[in-house]
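Okay, structure first, notes after.
Bear in mind that the values here come from a model prediction, so they are computed numbers and not experimental data.
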Amino acid sequence: MKLNLKGLSGHFRQGIILEQHKEPILSQEIEKLITPGKVQVIRELEQPWNDIAEISPGEIVQVARLARIVDERDGLPLFRKLKLCAGRQAALRVDAMDDEPYISSQLGPLLHMSRECAGGLALAAKAVGAVSQEILVYGALTDLETRVPKTLDGVPVRRILGRYPGKPLSAQSLVEENGQVTLYVGACALIHLYRAVYEGIKQTTAFLTVAGNCVSAPCNMEVSLGTTATEILDRCGLEAEPTRVVVGGSVTGISVADTDEVKVSAATRAILALREDERDKKYRCVGCGRCVEACPMDLNPMLLYKTINMNLHSRAEQLDYKMCISCMCCSYVCPAKLDLAGRISWYRRSRKEGSRP
């Protein structure tokens, strides 16, 4: 069975090409910052399993629940996703599509911990009775020193080509189309599933990328949950004082003011320390139209931005503000550095919550 790529990268008429900056991070081994004593065993298990043949689909789901595994791609408990698809003959897709600059916190563990990832994939496939399996990676990676294999333990690795945003459809956990159910699972969640079944260990860590033009030693790390961003940046070192620290992707992440208050969760994908020239920010719109050309949803971000600022709510409705997917393409290409996507996203949330912006 071939993957239906509808909605994946390459099927948007618009979007943007992003420089990825994956190296030298991706070719390095995974660094560890694990707090002693935080590793926890699953006390409810008498002993771990030794072979996949010994464990039933229901037991795999139960172990995922006891291990408290959270899928890094959507923040959902893994056991709920597996339970929802049990017996539905789902197609299983592994998400290792790190399509934002700097980030390789899914692809890195996939390549450097391939045995655990493949073992976890086999367990997940058995849990849901998967009719097919594929691993998805972002195809527009031109700076790689590490070779991406065509298969992993017999499972095809599919390189998805095209522009950013690369995965609007796969951002959903479960997709049903033409009678076919497709389940998307993060690569790191599968590593934690492998450890839970064969080592009896709960998920107490997360995989993330630490990078940015202020970081002395950028890398992919496995970090204990609850570790602060300050501790992580201290470990990697800073060459310069950052003007902005971003948790998440460089395009879609959130800027934070106090790194002591930021603690790693299972869904934390990256911590980026960046130094930017304040003189490059927030000029007036020059009417270049780049945001319109870049928007994958065929919106007019600049017109929406102005409409929202003028509180023209009916006009914003006509301009389909609800269709915005917060991919940040418009803000990224804006030469005036206007926060177009941030303003539209804020407006959408405000209207959804019923408050008047």
Practice task
Indicate yes or no for a side-chain donor-acceptor contact from T227 to the backbone of V264 under 3.5 Å, with no hydrogens or angles considered.
Solution key: no
Handout entry: For S255 against V246, the heavy-atom pair lying closest together
Key = OG-CG2, 4.0 Å
Exercise for the section: Anything under 30° is parallel, anything over 60° is perpendicular, the rest tilted; go ahead and classify H313 against Y347. Expected result: parallel
Exercise for the section: Answer whether the closest heavy-atom distance between the side chains of C236 and P218 falls below 4.5 Å. Expected result: no
Problem - Main-chain N/O of M221 paired with K32 side-chain donor or acceptor, under 3.5 Å - result: no
Exercise for the section: Identify the heavy atoms of S224 and T35 that sit nearest to each other, and give their distance. Expected result: OG-N, 2.7 Å
Exercise for the section: Report the distance from atom OG1 of T151 to atom CD of E134, rounding to the nearest 0.5 Å. Expected result: 12.0 Å
Exercise for the section: Could you tell me whether the side chain of R93 reaches within less than 4.5 Å of the side chain of V185, counting heavy atoms only? Expected result: no
Completion exercise
To the nearest 0.5 Å, atom CE of M97 lies from atom OH of Y184 at 9.0 Å
Practice task
Kindly indicate whether the side chain of L299, heavy atoms from C-beta on, has any atom under 4.5 Å from the side chain of L319.
Solution key: no
Exercise for the section: Kindly give the heavy-atom pair with the smallest separation between A130 and Q133, and that separation in Å. Expected result: CB-CG, 4.5 Å
Problem - Value rounded to 0.5 Å, distance of CZ in R343 from OG in S350 - result: 8.0 Å
Problem - Check ion pair D153-R115 (N to O, under 4.0 angstrom) - result: no
Practice task
Find out whether V181 and V175 are in side-chain contact, i.e. whether some heavy atom of one side chain is under 4.5 Å from a heavy atom of the other.
Solution key: no
Completion exercise
What one should report as the nearest heavy-atom pair of L82 and V128 is O-CG1, 3.6 Å
Exercise for the section: With rounding to the nearest 0.5 Å, note down the distance linking CG in L183 to CG in L84. Expected result: 8.0 Å
Problem - Side chain to side chain, T252 and S326, heavy atoms closer than 4.5 Å - result: no
Exercise for the section: Salt-bridge test for E239 and R275: reply yes if a basic N is under 4.0 Å from a carboxylate O, no otherwise. Expected result: no
Exercise for the section: Can you measure from CG (L208) to CD1 (I103) and round to the nearest 0.5 angstrom? Expected result: 9.5 Å
Completion exercise
On a heavy-atom basis, the closest approach of P109 and I30 is N-CD1, 4.0 Å
Handout entry: D98/R269 ion pair, N-O < 4.0 Å
Key = yes
Handout entry: Member of V256, I254, I232, T228 meeting the side chain to side chain contact (heavy atoms under 4.5 Å, CB included) criterion with V262
Key = V256
Practice task
State plainly whether the residues E222 and R195 are in salt-bridge range, i.e. N to O under 4.0 Å.
Solution key: yes
Practice task
Start with the C-alpha gap between R351 and Y321, add the side-chain angles, then the distance that decides, and say whether side-chain contact (heavy atoms from CB on, under 4.5 Å) holds.
Solution key: CA-CA 10 Å; R351 300 298 286 182; Y321 76 90; 3.3 Å; yes
Problem - Residue pair D95, L136: steps toward the side-chain contact (heavy atoms from CB on, under 4.5 Å) verdict - result: CA-CA 5 Å; D95 182 359; L136 306 181; 5.5 Å; no
Practice task
Check step by step if side-chain contact (heavy atoms from CB on, under 4.5 Å) holds for L110 and I191.
Solution key: CA-CA 9 Å; L110 174 74; I191 294 173; over 6 Å; no
Exercise for the section: Check whether any side-chain heavy atom of P48 sits under 4.5 Å from a side-chain heavy atom of V197, and report yes or no. Expected result: no
Practice task
Supply the atom-to-atom distance I344 CD1 to M328 CE, rounded to the nearest 0.5 angstrom.
Solution key: 9.5 Å
Handout entry: A187 to E72 - nearest heavy-atom pair and separation
Key = N-OE2, 3.1 Å
Exercise for the section: Check whether the ring centres of H112 and F207 lie less than 6.0 Å apart, and answer yes or no. Expected result: no
